[in-house]
Number of protein chains: 2
Amino acid sequence: MNESETTDIRALPIFAEMADENFESLMRGSYVQNFPPQIELISEGEPSDFLHVIISGAVELFASWNDRESTMAIVRPVSTFILAATIKDAPYLMSARTLEKSRIVLLPSTDVRQIYDIDNGFSRALVTELAQCYRGVVKNSKDLKLRTSIERLANYLLKQHSRANGNGAFELNIEKRKIASQMGMTPENLSRAIKALKPYGVTVNGTSVHIADADDLASLAKPDPLIDDPLS
Amino acid sequence: MNESETTDIRALPIFAEMADENFESLMRGSYVQNFPPQIELISEGEPSDFLHVIISGAVELFASWNDRESTMAIVRPVSTFILAATIKDAPYLMSARTLEKSRIVLLPSTDVRQIYDIDNGFSRALVTELAQCYRGVVKNSKDLKLRTSIERLANYLLKQHSRANGNGAFELNIEKRKIASQMGMTPENLSRAIKALKPYGVTVNGTSVHIADADDLASLAKPDPLIDDPLS
DNA sequence: CGTTCAATTGATCAGCGTCAAACTAGGTGG
DNA sequence: CCACCTAGTTTGACGCTGATCAATTGAACG
C-alpha cells in the first residue's frame with residue numbers, strides 16, 4: 001500500500017477520528033490486493049474474515065437464493081463494504097465480486113473488532129457510518145415497494161444525471177443487466193422501460209444517456225429526498 | 001414510568017452497557033405516554049426529536065410516496081425504533097403509528113446524541129444495534145427481490161409458526177392487510193396466496209392458522225438463515 | 001474475421017393489481 | 001337481545017406490468 005492510498009483510507013469518515021496508533025496498527029495487519037474483473041471476493045454465508053475497502057475499480061454486492069440472483073448494490077471507491085458482518089462477527093449476507101480491475105484493502109475483522117472495543121473515536125464513527133448504511137437500505141426498500149419499474153428507472157437516471165453535473169448527457173458506468181437487477185427487473189424489461197421514457201425526453205444509445213428536459217422527466221419521477229437523496 | 005419499566009429499558013442491549021449516571025440522566029429527560037390505537041406518532045420527513053422505546057402494544061412503521069403507502073415493519077416490545085434518524089440528526093424516513101393501545105417512552109434525541117458522544121459503552125452498543133438493524137433490512141430486501149409472493153408468505157408463516165412453538169397452530173397477531181403490505185402485496189393477493197398454500201397443508205380461518213406439515217411447507221418455502229433467521 | 005456475450009425485439013404468458021361486489025365479524029345503540 | 005353499521009376480508013372478472021422464451025442485432029476482443 002502506498003502513502004497516498006493510506007491517506008485516502010485515513011480520510012474515510014470511519015477512520016478519520018481514530019487514534020494514530022490504532023490506525024497504524026490496523027494498517028499493519030492489512031493486505032492490499034489487485035483483482036481482475038469478475039473475481040468473487042466473498043461469498044454469502046461465509047464467516048466475515050475481512051473488512052474490505054475499495055481503493056479503485058468497482059464491486060458488485062449480490063445475493064442469491066434458490067438459483068436466483070439479484071444485484072443489491074454497486075460499491076465504488078473510496079468506501080468500505082460488509083461492515084455490519086465484520087462488526088457482528090456474523091456470516092456475510094451478500095456476496096461480492098469485482099466488476100472491473102479493482103484495488104482492495106483487506107483489514108482482518110478481528111483487528112477491526114478489537115480496535116473498535118478500545119478506540120472510542122472509531123466506535124463513534126462506526127455508529128454514524130452504520131446509521132447511514134441503514135438509511136441507505138431503507139431508502140432502497142422504499143424505492144422498490146412504492147414505485148413501478150419505470151418510476152424507479154426515471155429516478156435512477158435523474159440521480160446519475162445530477163451526479164454528472166446535470167448538463168443533459170452522461171454515461172452509464174455499469175452494465176445494463178446489473179442496473180436492471182439492482183432495480184428489481186429483468187434486462188428485457190429495462191430495455192422497454194427506457195423506450196417508455198422516450199416521451200419524457202430520454203434517449204439512450206449504448207451507454208450514453210441524453211436527457212432533453214430534466215424537469216419534464218422529474219414530473220414523472222417525482223424524486224423525493226427521503227428516497228433519492230444519498231445524504232441525510 | 002414505573003420501576004419495572006425502567007428495568008426493562010435498562011435491560012435492552014443498547015442501554016445495558018452504559019454508565020449508571022448517563023442512563024439516569026437519559027431517563028430524567030424522558031417522557032412516557034400511553035397512546036390509543038391508530039395514532040400517528042411520527043411522520044416521515046420530520047426532524048427526529050425523540051428516540052422511541054415501545055414498552056407495550058404494537059407500532060407500525062410505514063412509508064409513503066405519491067399517494068401510495070407501504071408497511072415497512074411492525075415493532076413489538078421491548079425495543080427502540082427510528083434509532084438511525086436520531087443518531088444522524090436527520091429527518092425520519094418512515095412514519096409510525098400505533099396499531100394497538102401502546103405505552104411508549106420518548107427520549108429526547110439531543111440527549112441521546114450527547115450521551116452517545118461521552119459514553120463509550122453506549123456508543124459501542126449502538127454500533128451492534130445498528131449493525132443488527134442494517135442486516136435486518138438487507139434480509140428483508142433479499143426476501144422481496146428473490147422470492148415470489150407465495151414464497152414470501154410460506155416463509156412468513158413458517159417463521160410465525162416456529163415463534164409460536166411450532167405445534168401446528170397459531171394466531172396471526174396483525175391485520176392481514178398489514179401483513180400483505182409488509183410483504184409487498186395487496187390484501188386480495190394475500191388472500192389468494194393463502195389458498196395457493198392449501199396443497200401444502202396450510203389452513204387459515206380468520207386469524208388462526210393451521211399448518212399440517214411444516215416440512216412439507218418448508219419444501220416450498222426453502223427457508224434460508226441468511227434471509228429468515230432474525231438472529232446473526 | 002470469427003467468436004462471444006450483452007442488448008434488443010417480438011410473442012406469449014403468468015403474476016399480480018385493480019375494481020366491484022358479496023360476505024363476515026366485531027362493536028354500537030336501540 | 002337483536003338489528004345495524006362499519007371495516008376488514010374474500011371472491012370474481014378483468015387488465016396491466018413485467019417475466020419468460022426465442023431469435024436477432026450489435027459490440028468488444030482476440
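Every chain is numbered from 1, with letters handed out A, B, ... down the list of sequences. Computed from a predicted structure; not experimentally measured.
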Quickly work out the [X] [atom1] to [N] [atom2] distance and round it to whole Å.
X	N	atom1	atom2	value
M183(A)	dT17(D)	CE	C1'	15 Å
I194(B)	dT11(D)	CD1	P	9 Å
L190(A)	dT20(D)	CG	C1'	16 Å
E69(B)	dG17(C)	CD	C1'	17 Å
R152(B)	dC16(C)	CZ	C1'	10 Å
R147(A)	dG18(D)	CZ	P	14 Å
N189(B)	dT10(D)	CG	P	12 Å
E151(B)	dC16(C)	CD	C1'	14 Å

Cation-pi check, R103(A) to F35(A): give yes when NZ or CZ is under 6.0 Å from the six-membered ring centre and within 45° of the ring axis, no otherwise.
-> no

Is the distance from OP1 or OP2 of [N] to the nearest side-chain N or O of [X] less than 4.0 Å?
X	N	result
S191(A)	dA7(C)	no
T186(A)	dG18(D)	no
K195(A)	dT8(C)	no

Show your reasoning for whether side-chain contact (heavy atoms from CB on, under 4.5 Å) applies to R152(B) and L144(B).
-> CA-CA 8 Å; R152(B) 284 198 295 280; L144(B) 272 173; 4.1 Å; yes

Go through the N and O atoms of the side chain of E188(A) and the base of dC21(D), and report whether any donor-acceptor pair is under 3.5 Å.
->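 Indeed there is one.
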
Any N or O donor-acceptor pair linking the side chain of R192(A) to the base of dG10(C) at under 3.5 Å?
-> yes

Of all the nucleotides listed ([options]), which has the minimum atom distance to the side chain of [X]?
X	options	answer
K176(A)	dA6(C), dT8(C), dT11(D)	dT8(C)
S149(B)	dG8(D), dG18(D), dC16(C)	dC16(C)
R177(B)	dA7(C), dC16(C), dT9(D)	dT9(D)

Want to settle it: does N205(A) or G184(A) sit nearer the 5' end of DNA chain D, counting the closest nucleotide to each?
->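 Whichever sits nearer the 5' end wins; that is G184(A).
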
Going through the checks in order, is the side-chain contact (heavy atoms from CB on, under 4.5 Å) test met by L51(A) and L83(A)?
-> CA-CA 6 Å; L51(A) 175 62; L83(A) 177 56; 3.9 Å; yes

Inter-end axis angle, the helix from dC1(C)-dG30(D) to dG30(C)-dC1(D), with every axis fitted to five base pairs (rounded, 10 degrees) |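 Inter-axis angle at the termini of the helix from dC1(C)-dG30(D) to dG30(C)-dC1(D): 30°.
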
Should I9(B) and T7(B) be marked as a side-chain contact (heavy atoms from CB on, under 4.5 Å) after you check the CA-CA gap, both sets of side-chain angles, and the distance that decides it?
-> CA-CA 5 Å; I9(B) 297 176; T7(B) 313; over 6 Å; no

Could you list all the side chain to side chain donor-acceptor pair (under 3.5 Å) pairs where at least one residue sits in residues 193-206 of chain A, not counting sequence neighbours?
->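 Every pair satisfying side chain to side chain donor-acceptor pair (under 3.5 Å) with a residue in residues 193-206 of chain A: there are none.
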
Neighbour count >12 (heavy atoms, 6.0 Å) for atom CD, E171(A) = yes

Considering the options E60(B), R177(B), E175(B), which one meets the side-chain hydrogen bond (donor to acceptor under 3.5 Å, both in side chains) requirement together with T71(B)?
->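 Only one of E60(B), R177(B), E175(B) forms a side-chain hydrogen bond (donor to acceptor under 3.5 Å, both in side chains) with T71(B), namely E60(B).
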
